[in-house]
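Here the structure comes first, spelled out in structure tokens, and everything after it is commentary.
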Amino acid sequence: MLHVKDVAITFNEGTPDEKKALQGINLELHEGEFVTVIGSNGAGKSTLMNTISGNLVPDVGEVIISGKNVTMLPEFKRSAFIGRVFQDPMAGTAPSMTIEENLAMAYSRIRKRKLKPGVTKQRKAEFKEHLSTLNLGLEDRLNAKVGLLSGGERQALSLLMATFTNPNILLLDEHTAALDPARAELITNLTKKVVDEYGLTTLMVTHNMQQALDLGNRLIMMDKGQIILDIKGEKKQELTIEDLLKEFQRIRGEQFESDRAVLG
Ligand SMILES: Nc1ncnc2c1ncn2[C@@H]1O[C@H](COP(=O)(O)OP(=O)(O)O)[C@@H](O)[C@H]1O
Ligand SMILES: [Mg+2]
């Protein structure tokens with residue numbers, strides 16, 4: 001389904017600000033896998049998402065989706081088969097457009113033909129049906145401007161827009177981090193439901209370790225641009241927060257030892 005092959009990205013190469021954001025990343029996702037991604041700030045999580053979405057072209061390596069090498073395919077051409085939700089509720093929707101217009105825009109992503117202006121009755125009914133699954137009453141507010149919605153409502157709409165076209169891959173980048181705990185839980189539950197319902201192949205970045213353990217069937221931990229832990233299936237079910245913290249400490253310890261060796 002998704003194969004990230006030997007991918008490396010360095011920002012500002014050859015300058016004092018040089019940053020190896022990704023180093024030799026290899027990741028293979030099978031259809032229907034739901035992977036949670038954790039790692040400290042600057043570990044390269046968002047850079048990995050951007051490489052998969054086509055927002056960034058890797059310096060080295062390839063991105064293969066459903067057997068097709070898409071490494072050089074621009075982001076807008078990948079949007080037909082990649083759904084994405086960002087941390088910022090403002091990022092995924094157009095505030096000056098109505099709920100219906102936003103959904104029509106998302107729908108047009110998967111269509112070759114240009115969408116006729118206006119929304120047909122049938123499409124309107126479909127939109128209402130999708131919206132009603134959110135249980136937020138948005139199905140009765142099709143003509144409301146999205147800028148008037150709360151952060152949680154907007155994030156729910158973003159999630160719907162990213163998924164109702166049944167993309168090959170769903171990328172979630174800390175998409176609950178900007179919400180208060182109640183809204184975050186709502187969006188987490190919706191995520192579970194949507195991913196289950198459509199059987200979406202999903203990569204979800206989260207800074208919440210408990211969430212990373214509770215959701216999905218595979219967990220990866222990143223550090224310094226590398227994947228340092230990759231745990232699947234039953235082993236993931238047995239995994240605890242203490243295990244993850246130990247792993248963090250182990251890496252930091254090794255790093256400390258190697259820094260000390262270098263410094264003498
Ligand atoms: N466009 C960019 N230009 C320069 N440096 C960047 C850019 N994007 C990310 N970085 C750097 O690359 C590293 C990885 O960033 P990122 O992938 O955003 O980390 P994460 O999402 O895990 O917090 C960080 O050190 C960050 O500062
Ligand atoms: Mg990030």
Side-chain angles (χ1 to χ4, degrees), residues 2-27 29 34-63 70-76 78 82-92 151 154-155 158-159 162 169-179 183-184 187-188 191 202-213 215-216 218-231 241 244-245 247-252 254-256 258-259:
L2 169 70
H3 193 175
V4 178
K5 223 169 148 183
D6 300 321
V7 160
I9 291 191
T10 304
F11 291 112
N12 306 316
E13 190 158 12
T15 75
D17 294 330
E18 180 171 302
K19 183 83 213 177
K20 287 189 165 74
L22 294 179
Q23 309 188 57
I25 294 282
N26 279 290
L27 179 65
L29 254 65
F34 183 175
V35 185
T36 53
V37 183
I38 55 171
S40 49
N41 264 339
K45 306 179 297 294
S46 295
T47 305
L48 177 60
M49 298 290 135
N50 284 329
T51 308
I52 296 167
S53 72
N55 189 285
L56 285 172
V57 178
D59 302 334
V60 186
E62 293 176 346
V63 178
V70 298
T71 315
M72 303 309 287
L73 197 69
E75 185 172 30
F76 74 94
R78 292 190 209 184
I82 295 182
R84 205 168 178 197
V85 184
F86 298 90
Q87 178 171 343
D88 182 0
M90 306 300 152
R154 275 182 85 156
Q155 211 57 339
S158 295
L159 187 62
I169 297 168
L170 176 63
L171 302 176
L172 307 169
D173 196 348
E174 304 208 38
H175 70 310
T176 65
L179 305 173
R183 301 295 162 117
I187 298 299
T188 301
T191 304
T202 302
L203 270 168
M204 184 181 97
V205 177
T206 175
H207 64 267
N208 181 330
M209 285 198 216
Q210 193 59 52
Q211 194 181 45
L213 293 174
L215 296 182
R218 183 170 170 189
L219 178 146
I220 66 178
M221 190 193 279
M222 290 183 70
D223 192 56
K224 294 197 161 50
Q226 293 174 316
I227 294 173
I228 54 160
L229 195 69
D230 183 350
I231 293 182
I241 289 192
L244 294 177
L245 290 175
E247 194 59 27
F248 263 127
Q249 269 161 8
R250 192 182 64 77
I251 307 153
R252 292 293 174 229
E254 273 176 15
Q255 205 179 302
F256 178 71
S258 72
D259 286 351

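Atom set for the values below is all heavy atoms of this structure, side chains included, hydrogens, waters and symmetry mates excluded. Numbering of ligands and ligand atoms starts at 1, following listing order.
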Would you say the side-chain atoms of Asn26 pair up with the backbone N or O of Asp6, donor to acceptor, closer than 3.5 Å? yes

What protein heavy atom lies closest to atom 13 (C) of ligand 1? Include the residue and the distance to one decimal. Gly42 O, 3.7 Å

Heavy-atom protein contact below 4.0 Å for atom 27 (O) of ligand 1: no

Any N/O of Thr47 closer than 3.5 Å to an N/O of ligand 1? yes

Numbering the atoms of ligand 1 from 1, which are under 4.0 Å from a heavy atom of Ser46? 17 (O), 18 (O), 20 (P), 21 (O)

Applying a heavy-atom cut-off of 4.0 Å, say which part of Lys45 lies close to ligand 1: side chain, backbone, both or neither. both

Flag the pair Gln87 / Val205 as yes when at least one side-chain heavy-atom distance between them is below 4.5 Å, and no otherwise. no

Please determine whether any non-hydrogen atom of Gly44 lies less than 4.0 Å from an atom of ligand 1. yes

In ligand 1, which numbered atoms sit nearer than 4.0 Å to a non-hydrogen atom of Lys19? 11 (C), 12 (O), 13 (C), 25 (O)

Matching residue for Leu203 among Leu172, Ile52, Thr36 - test: side-chain contact (heavy atoms from CB on, under 4.5 Å): Ile52

Counting only nitrogen or oxygen atoms and a 3.5 angstrom limit, does Phe11 reach ligand 1? no

Could you check Arg78 against Glu75 for salt bridge (Lys or Arg N to Asp or Glu O under 4.0 Å), going step by step and ending with a plain yes or no? CA-CA 5 Å; Arg78 292 190 209 184; Glu75 185 172 30; over 6 Å; no

Any donor-acceptor N/O pair, Asp59 side chain to Thr10 backbone, under 3.5 Å: yes

N/O/S atom of Ser46 inside 2.8 Å of the Mg ion (ligand 2), strictly under: yes

Heavy-atom closest pair, residues Met222 and Ala43: O-CB, 3.6 Å

Is there a donor in the side chain of Glu174 and an acceptor in the side chain of His207, or the other way round, less than 3.5 Å apart? yes

Just which atoms of ligand 1 are under 4.0 Å from any heavy atom in Ala43? 19 (O), 20 (P), 22 (O)

